[in-house]
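A short write-up of the structure that comes next.
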Amino acid sequence: MNIFNFYQKKIIETIKKNKRSLKISEVNFNGMQVELAPEKFNCDISTNIVMLLTKRYKKDLQTFAHDLKNLLIKQIKDFQNIEIAGSGFLNITLKEKSLLKIIEQILKNKDKYGSLKQNKKINIEFVSANPTGPMHVGHCRGAVLGDVISNLFLFNGNKVIKEYYVNDYGVQINNFVKSVYLRIREIKYKESFQNSPDLYPGDYIIDIAKNILKSHPKLNVDNYENCFNELKNKSLKLSLDSIKKDLKSLGIVHNNFVSETYLVNEDFVSKTINLLKKGSHIEEGFLQPPKGTENKNWKKIKRLIFKSTKFGDDNDRALQKNDGSWTYFANDVGYHNFKISKKYDLLINILGADHTGYIKRITAAVEAISNGKTKLNCKVSQLVKLFKDGKPFKMSKRAGDFVTLNEFLNEVDKDAIRFMMLNRSSDVELEFDFAKVIEKTKENPIFYVQYANARINSIFRSLKKNKDKKIQLSDGTINFNEIEKKILRKSFEWPKIVENSSNKLEPHRITFYLYELSTLFHSFWSKGNEEEKYRIIIDGKLNRSESLLILQLLSSVIRNGMQILGVSLPEKM
RNA sequence: GCGCCCUUAGCUCAGUUGGAUAGAGCAUCGGUUUUCUAAACCGAGGGUCGUAGGUUCGAAUCCUUCAGGGCGCGCCA
């Protein structure tokens, strides 16, 4: 239940019904907001409707505000009081009984509270790291972002396919296989591995080589060409398995792995190119030499070009290389047509910051292929900088210059990584200090939220009460104290947080929200040490049932949030 | 040269389709424990929301100018 939507509807209905007495004709509610007022106003909901309508119908603000106030109080029985702020906001306080009704409804909704109850089919592509080496920290942020966005859409009732595009095609793969080949020969024939710029030097290649030798000791590696295919399949599988294993340690499991080679071999790429030709989005021609940096490989050759400038891209894009084979982009266009053919309502791509420039061309391709029917939403995640105690951190160089996800997971647990990766908007660089995330203090937000919930549990334990069981209030009169009301109001905001996070693909709003919610709780808890009337338990007995109800609500919201984040919530700490 | 992102307190950052006196954490200073978990809480100081214009009842938020930082600009993937 979203109380803002609920009361917005009621207010609109009431105004419509009373157009005549309010002396307005056609009513236009565009821009109307019903939301939580800043804390200092001490009310439950507030709306800007007066400012909107007086401007639209040129009424006197104070007069109209008073008329509307009287009308709403009389006709909407949940409203206890309405204050008119100087600026024209109506600040509404709800009756305690109505608050109770809302809480009960929320608790009945349980783990569905806040769900947008959509029913769409969504494809989200994320990670898609090259299968030529292990995952590193750089991949991690996009991985968590994609996974939590998936969880959000699932929470909202959608069908979500999490997809990984495997770039198992092209020169880099050949270099990768060649590296494995040379490592195998190194082991078998003691030929020393000579590094060169187009080979992969990392130790993980040795692991792959050993692994292949172990399971296939009789593999003939005398001739590279002869064993290439077998070697390629085995190496890729091992590499991908290790990536999947790392992802799983982060709590991430994709539903689909789509192979680039498969798409090329099944002619998906050429079919897509033909489709685009029919729509005259492709021509044969010449491109301008690249601007900015110089490029040695550039050649003026007639080739197939996708006219992405028609869709707002800076340049048209090549679909063929010098030798006539497809470019990475051409294959990706094929891949996106593959997705379009599966009739999704929405496509989402999570990209790294270095792929920002790629967005326009691929969005253009999707628009061209689907005639604007399929929407592709690209989200970029900025860089992660590792720190330890405020100093830049580098780990061992097993895989080259970057820290592997595996090494990272040895230092920090999955929950901390997931939470911290979302403790910033994905638009800004993230400083990840992992001395901090293993701390057990307020400075570590994940701990702070988990601790709040553990404390709530401890209250229910002490009272020997079941947290999930309905709480009967002792007598008819309900009276929430001011801090309980703060928690209540914050909990009412949860559906809005879900909505915004989901619509804008910004799940960091959830981590911030949970932190703020936890602050209110810790404050409530400590208040009991100062004044007895705020204590939840006195002499082993429950002081006020209202408190327990609020805690039940609070814990339920925290649980929903953490579930979407995929972060665990210990019973006890 | 072009595109995208960023610029808010000493530091790291939030800020709802434009709303009320711009908010957190850290750091600094001062307080709170015979009591449900002090792994916590409370209080104080700290701001020209990068700059200059514009749009309007109302701008950190929208438009334009300029400045600073990051990423990218392949016929690599």
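Letters go in sequence order (proteins before strands), and every chain restarts at 1. If you're wondering where the values come from, they're calculated on a predicted model, not measured in any experiment.
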Inset, instruction - For A/E39, look at atom CD and say whether over 12 heavy atoms of other residues, nucleotides or ligands are found less than 6.0 Å away. - result: no
Legend entry - Closest listed nucleotide, where the reference is the side chain of A/Y328 and the choices are B/rG3, B/rA77, B/rC75: B/rA77
Legend entry - Euclidean distance for P, B/rC76 against B/rA67 (whole angstrom): 35 Å
Legend entry - C1'-based separation of B/rC4 from B/rG43 [nearest Å]: 44 Å
Inset, instruction - Rounded off to whole Å, could you give me the CG-to-C1' distance for the A/L319 and B/rC75 pair? - result: 11 Å
Inset, instruction - Provide the distance between the two P atoms, one in B/rC63 and one in B/rG46, to the nearest whole Å. - result: 34 Å
Legend entry - Presence of A/K55 side-chain N/O under 4.0 Å of B/rG19 phosphate oxygens OP1/OP2: no
Legend entry - Whole angstrom value for the distance that separates P of B/rC76 from OH of A/Y358: 13 Å
Legend entry - Strand RNA chain B as a dot-bracket string - pairs counted if Watson-Crick or G-U with both distances under 3.5 Å, | where the partner lies in another strand: (((((((..((((.....[...)))).(((((.......))))).....(.(((..]....))).))))))))....
Legend entry - Contacts of type side chain to side chain contact (heavy atoms under 4.5 Å, CB included), residue A/E367, not counting sequence neighbours: A/F311
Legend entry - SB check A/E163 A/K339 (cutoff 4.0 Å): no
Inset, instruction - Can you tell me, in whole Å, how much space there is between the P of B/rG23 and that of B/rG47? - result: 14 Å
Inset, instruction - Would you indicate what A/N48 reaches in the nucleic acid, counting non-hydrogen atoms under 4.0 angstrom: base, sugar-phosphate, or nothing? - result: base
Inset, instruction - Would you please name every residue forming a side chain to side chain contact (heavy atoms under 4.5 Å, CB included) with A/Q288, sequence neighbours left out? - result: none
Legend entry - Distance between C1' atoms of B/rU33 and B/rA40 (Å, rounded): 10 Å
Inset, instruction - Answer yes or no for A/K527 and A/Y534: cation-pi contact, defined as NZ/CZ to six-membered ring centre under 6.0 Å and angle to ring axis within 45°. - result: yes
Inset, instruction - Determine the interplanar angle of the A/F306 and A/H281 rings, folded into 0 to 90°, and report it as parallel if under 30°, tilted if 30 to 60°, perpendicular if over 60°. - result: perpendicular
Legend entry - Contact state string [nucleotides 33-43 of chain B, B base, S sugar-phosphate only, - no protein heavy atom under 4.0 Å]: --BBBSBSSS-
Legend entry - Contact letters for nucleotides 5-16 of chain B, in which S counts primed atoms plus P, OP1 and OP2 and B counts the base, heavy atoms under 4.0 Å: SS-----SSSSS
Legend entry - Rounded distance in Å - CD1 (A/I45) to P (B/rG19): 18 Å
Inset, instruction - May I ask you to say whether A/K490 pairs ionically with A/E493, meaning some side-chain N is under 4.0 Å from a carboxylate O? - result: yes
Legend entry - Pairwise 5' ranking along RNA chain B for A/F89 and A/Q320, keeping only the more 5' one: A/F89
Inset, instruction - Check the distance between B/rG72's P and A/K360's NZ and give it to me in whole angstrom. - result: 17 Å
Inset, instruction - Give one of base, sugar-phosphate or nothing for A/N91, where a contact means two heavy atoms less than 4.0 Å apart. - result: base
Inset, instruction - Scan A/Y169 against the nucleic acid and name what it touches under 4.0 Å (heavy atoms): base, sugar-phosphate only, or nothing. - result: sugar-phosphate
Inset, instruction - May I have the distance from A/R317 (atom CZ) to B/rC76 (atom P), rounded to whole angstrom? - result: 13 Å
Legend entry - Nucleotide B/rG25, atom P - distance to CD of A/E439 in whole Å: 16 Å
Inset, instruction - State which residues pass salt bridge (charged side-chain N to carboxylate O under 4.0 Å, His left out) with A/R509; sequence neighbours excluded, sorted by chain then number. - result: A/E506
Inset, instruction - Write down the distance separating the P atoms in B/rC11 and B/rC49, rounded off to the nearest Å. - result: 16 Å
Legend entry - Parallel, tilted or perpendicular, as decided by the 30° and 60° cut-offs, for the rings of A/F447 and A/Y451: parallel
Legend entry - Minimum side-chain heavy-atom gap A/T47-A/M32 below 4.5 Å: yes
Inset, instruction - Specify the glycosidic conformation (syn or anti) of B/rU21, with syn defined as within 90° of 0. - result: anti
Legend entry - Geometric class of the A/Y328/A/Y358 ring pair [parallel <30°, tilted 30-60°, perpendicular >60°]: tilted
Legend entry - Minimum heavy-atom distance between A/T54 and A/D60, given as atom pair plus value: CG2-O, 4.0 Å
Inset, instruction - Describe the nucleic acid contact of A/A353 in one word from base, sugar-phosphate, nothing, applying a heavy-atom distance below 4.0 Å. - result: sugar-phosphate
Inset, instruction - With P as the reference atom in both, quote the distance from B/rC6 to B/rU16 in angstrom, rounded to an integer. - result: 13 Å
Inset, instruction - Select from A/F329 and A/V34 the residue whose nearest nucleotide in RNA chain B is closer to the 5' end of that strand. - result: A/V34
Inset, instruction - For B/rU8 and B/rG15, measure between their P atoms and round to the nearest Å. - result: 14 Å
Inset, instruction - Check whether any side-chain heavy atom of A/H522 sits under 4.5 Å from a side-chain heavy atom of A/Y448, and report yes or no. - result: yes
